[in-house]
K.L.:
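Here's a structure for you.
Worth knowing before you read on, the calculation uses all heavy atoms, side chains too, and leaves out hydrogens, waters and symmetry mates. Here, residue 1 is the first one in the sequence, and each next residue gets the next number.
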Amino acid sequence: MHARGAHLVHSRCQGVSRPPTHVHAASKQLLGASGRRSRTRTVLVQAAKREYEVVREVLPKDKVSLTITVPGSICQEGFTETVKIMRRDVVGALKGFRQDKIPLSEVISRVGGQAQFDAAVLETVLIRAMGDVMPIHAARMLPGSEQIATNMPQLMAAFDPAKPLTFQVTYARLPDVQWSSPYQDIVITVQDTGNLESDQAAAEGLIRQYLKQEGQKRVVADRGLAPGDGAIINMRIAPKSNPAAPYPGLDKEKFFFDTDGDMLDLTDHMLGMLPGEARSWEFVFPQDWHVDLWRGQTATADIKLVELFSYILPEFNDEFVAKHYPQFESAADLRKSLVSSTSLARMKDLDAQIQDAIVTQVSACVASPIPEALLNAQGEKEFQAKLLDLVQRGVARIEDVQQQLTQEGLEAFIASERLGLEERCRYVLAAEAIAEEQGIDVEVEGLEAEVDRAKEQCKADKVDFDPDVYRQEAIEKLRYGAVMQWLQQNLKVEVLPWGGAGAVQQAAAEQPQPASV
């Protein structure tokens with residue numbers, strides 16, 4: 001029901017979400033103020049608990065100008081933050097002074113003089129202001145197009161940490177969407193992934209796992225591996241294209257393998273294996289594998305069976321449940337609960353299928369060319385997110401990921417994922433257009449509490465955290481969710497009943513395709 005192997009790991013800090021829309025959310029008053037009908041408009045922006053005055057002007061050639069006035073209180077915060085950082089990172093330990101009592105004159109001297117110090121404070125203020133304002137106010141911004149238009153020497157000369165600061169930012173807008181066919185006419189058809197019988201069968205599989213946990217293992221020496229067995233194996237799974245570099249977490253010695261918990265269908269290739277025997281074969285990672293970066297990749301499996309076990313299982317009855325799962329009244333109660341949770345998981349999986357189909361169908365209605373900057377930004381974000389997800393899930397160490405986080409790796413990822421990236425970029429354009437056309441809005445109340453929570457979690461996990469990036473991505477996710485919810489409520493969705501094994505693939509092949517782009 002869920003992505004294969006997803007239960008083996010847990011998400012930490014922030015997980016990888018569905019593709020964000022790269023559009024910036026706003027409250028209702030801001031959406032109204034930033035509409036294209038008004039060429040110049042002044043609004044008061046409440047962002048991240050701080051207020052900025054913003055003058056927005058639509059320029060020729062799809063350019064937009066924002067004149068941002070930063071309150072003196074935020075400039076003072078930037079000054080204080082910069083001094084704190086410099087005392088810690090530039091000056092360090094100074095004999096005779098506590099770190100928070102190091103004289104400002106010493107800080108300024110160590111950093112290279114007053115001009116360099118003022119520049120550092122100004123940079124802190126500008127970064128914070130843009131991080132607060134742009135996600136909320138720069139709707140339809142082409143990634144990477146923003147730049148400070150104010151003359152920097154003039155900005156430096158006018159800057160006083162105790163007073164408000166005004167500067168101008170310009171950016172390019174995403175192109176307006178050209179539709180090849182009306183998205184309102186889309187019909188989504190998906191196949192259910194199961195029914196009550198399959199839910200009951202899945203529940204029985206879980207019960208068998210519970211029985212195994214409390215059962216006994218018996219060493220087997222007179223036959224080969226069979227379904228239901230357990231085994232100690234040496235396992236090494238690596239990309240076919242680079243067999244010298246195994247997948248993180250899939251290179252293990254004396255690893256206990258349960259044929260009933262086989263997520264990669266290794267058992268089919270291992271049937272009949274005897275202790276001491278080794279086999280190698282190629283396989284393709286399934287499309288529902290929990291590490292989506294590996295999906296569809298051809299891999300080589302090298303397996304050596306070290307020791308083989310069969311199980312002696314206890315009986316599943318009320319006594320077993322009372323002893324090991326006392327929160328349930330009886331064996332029937334536990335079985336009913338497992339069937340219910342399996343059905344719920346299937347419903348969530350069905351909802352995810354519907355959302356994936358909506359992304360595919362809606363993006364296919366977009367005929368607009370995709371800006372290369374948007375595609376590269378989407379690719380870079382997804383590449384970094386996928387690698388970070390490996391660390392957060394506990395699948396890989398940060399050192400393993402850093403080896404792959406290269407420009408060459410990014411370019412290879414974009415090349416291999418280009419079709420999918422193009423689809424998601426078309427959806428980015430469509431989602432923004434739909435949000436504007438339908439007046440879809442999101443609420444940002446509680447966002448700062450979520451940022452603070454994520455900051456503490458990442459600190460505990462020893463993961464770098466950028467609150468501005470997190471805040472922007474959180475707003476994008478809210479925006480994406482609001483658009484997706486509207487589409488699910490307003491498009492026609494047909495769910496076909498499950499037809500047994502292989503029905504899902506058949507439904508995918510029969511999915512109606514919208515007009516080609």
K.L.:
To the nearest 0.5 Å, what is the distance between CZ (Phe117) and CG (Leu104)?
P.N.:
5.0 Å
K.L.:
For the atom pair CZ (Arg110) and CD1 (Ile102), what is the distance rounded to the nearest 0.5 Å?
P.N.:
8.0 Å
K.L.:
When rounded to the nearest 0.5 angstrom, what distance separates CG in Leu344 from CG in Asp349?
P.N.:
11.5 Å
K.L.:
Is there a side-chain contact (heavy atoms from CB on, under 4.5 Å) between Gln297 and Val284 once you walk through the steps?
P.N.:
CA-CA 6 Å; Gln297 289 190 15; Val284 177; over 6 Å; no
K.L.:
Start with the C-alpha distance between Glu422 and Arg424, add both sets of side-chain angles, then the distance that settles salt bridge (charged side-chain N to carboxylate O under 4.0 Å, His left out), and finish with yes or no.
P.N.:
CA-CA 5 Å; Glu422 288 177 348; Arg424 290 185 285 278; over 6 Å; no
K.L.:
Ring centroid separation for Phe167 and Phe159, is it under 6.0 angstrom?
P.N.:
no
K.L.:
To the nearest 0.5 Å, what is the distance between CG on Leu126 and CG on Leu165?
P.N.:
6.0 Å
K.L.:
Going through the checks in order, is the side-chain contact (heavy atoms from CB on, under 4.5 Å) test met by Ile440 and Ile434?
P.N.:
CA-CA 8 Å; Ile440 299 172; Ile434 293 170; 4.1 Å; yes
K.L.:
Within the supplied structure, the quantity of interest is the number of heavy atoms (other residues, nucleotides, ligands) at a distance under 6.0 Å from Glu123 CD; does it exceed 12?
P.N.:
no
K.L.:
Short question: side chain of Ser180, backbone of Cys365 - any donor-acceptor pair under 3.5 Å?
P.N.:
yes
K.L.:
Measure the spacing between OG of Ser73 and NZ of Lys163 and express it to the nearest 0.5 Å.
P.N.:
15.5 Å
K.L.:
Does a side-chain N-to-carboxylate-O contact under 4.0 Å join Arg87 and Asp100?
P.N.:
no
K.L.:
Are the side chains of Gln488 and Ile188 in touch, meaning some heavy atoms are under 4.5 Å apart?
P.N.:
no
K.L.:
Anything under 30° is parallel, anything over 60° is perpendicular, the rest tilted; go ahead and classify Phe285 against Tyr247.
P.N.:
perpendicular
K.L.:
Do the side chain of Ser145 and the main chain of Met141 share a donor and acceptor less than 3.5 angstrom apart?
P.N.:
no
K.L.:
Within the 3.5 Å criterion, strictly below it, is a donor on Gln361 or Tyr427 matched to an acceptor on the partner's side chain?
P.N.:
no
K.L.:
Let me confirm one number: the CG-CD1 distance from Asn376 to Ile414, rounded to the nearest 0.5 Å.
P.N.:
5.0 Å
K.L.:
Do any N or O atoms from the side chain of Arg295 and from the backbone of Trp289 form a donor-acceptor pair under 3.5 angstrom?
P.N.:
yes
K.L.:
Hey, mind stepping through Glu437 and Tyr183 against side chain to side chain donor-acceptor pair (under 3.5 Å) and telling me if it holds?
P.N.:
CA-CA 12 Å; Glu437 179 181 330; Tyr183 67 86; 3.1 Å; yes
K.L.:
Where do Asp192 and Gln353 land on the side chain to side chain donor-acceptor pair (under 3.5 Å) test, with the steps shown first?
P.N.:
CA-CA 9 Å; Asp192 204 339; Gln353 284 190 62; 6.0 Å; no
K.L.:
For a side-chain contact (heavy atoms from CB on, under 4.5 Å) check, start with the C-alpha distance between Phe79 and Thr82, then their side-chain angles and the critical distance, and finish with the verdict.
P.N.:
CA-CA 5 Å; Phe79 174 87; Thr82 303; 6.0 Å; no
K.L.:
Between Glu372 and Arg418, is the closest basic N to carboxylate O distance under 4.0 Å?
P.N.:
yes
K.L.:
Looking just at side-chain N and O atoms, do Asn490 and Gln438 make a donor-acceptor pair shorter than 3.5 Å?
P.N.:
no
K.L.:
Taking the basic N atoms (NZ, or NE/NH1/NH2) and the acidic carboxylate oxygens, is any pair closer than 4.0 Å for Lys84 and Glu81?
P.N.:
no
K.L.:
Between Ser65 and Gln168, do the side chains contain an N or O donor and an N or O acceptor separated by less than 3.5 Å?
P.N.:
yes
